[in-house]
Amino acid sequence: MAQIDQAVKRVTDIIGEIRTASNEQSDGVGQVNIAVAELDQNTQQNAALVEQTAAAAESLKEQANRLAQAVAVFRLERDMSAMA
């Protein structure tokens with residue numbers, strides 16, 4: 001009978017260890033899920049920023065072209081003393 005009691009106690013202890021390990025594993029999986037969600041959010045934000053940057057770069061390019069056309073009508077003398 002004592003052996004049965006010891007065996008039951010060992011099984012109970014093992015079940016407790018399994019329960020503890022399962023809880024720890026579940027917590028770990030929850031943390032991984034949170035991290036993945038944050039990475040996804042950051043990736044989406046970065047993609048939006050890239051699109052905004054590309055649009056701003058295109059706008060700046062267009063403005064630079066217009067400015068180049070606007071100042072193309074001006075001619076400067078290479079030798080400033082020639083103007084005097």
Q: May I have all residue pairs that pass side-chain hydrogen bond (donor to acceptor under 3.5 Å, both in side chains) and include part of residues 11-24, sequence neighbours excluded?
A: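 Residue pairs passing side-chain hydrogen bond (donor to acceptor under 3.5 Å, both in side chains), neighbours aside: Lys9-Asp13.
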
Q: If you round to the nearest 0.5 Å, how far is CZ of Arg10 from CD of Gln3?
A: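 The CD atom of Gln3 sits 9.0 Å away from the CZ atom of Arg10.
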
Q: Does the side chain of Gln45 come within less than 4.5 Å of Asn42's, by heavy atoms?
A: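 Answer yes - side chains close enough.
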
Q: Quick one: OG1 on Thr53 to CG on Asn46, what's the gap to the nearest 0.5 Å?
A: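 Going from OG1 on Thr53 over to CG on Asn46, the span is 10.0 Å.
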
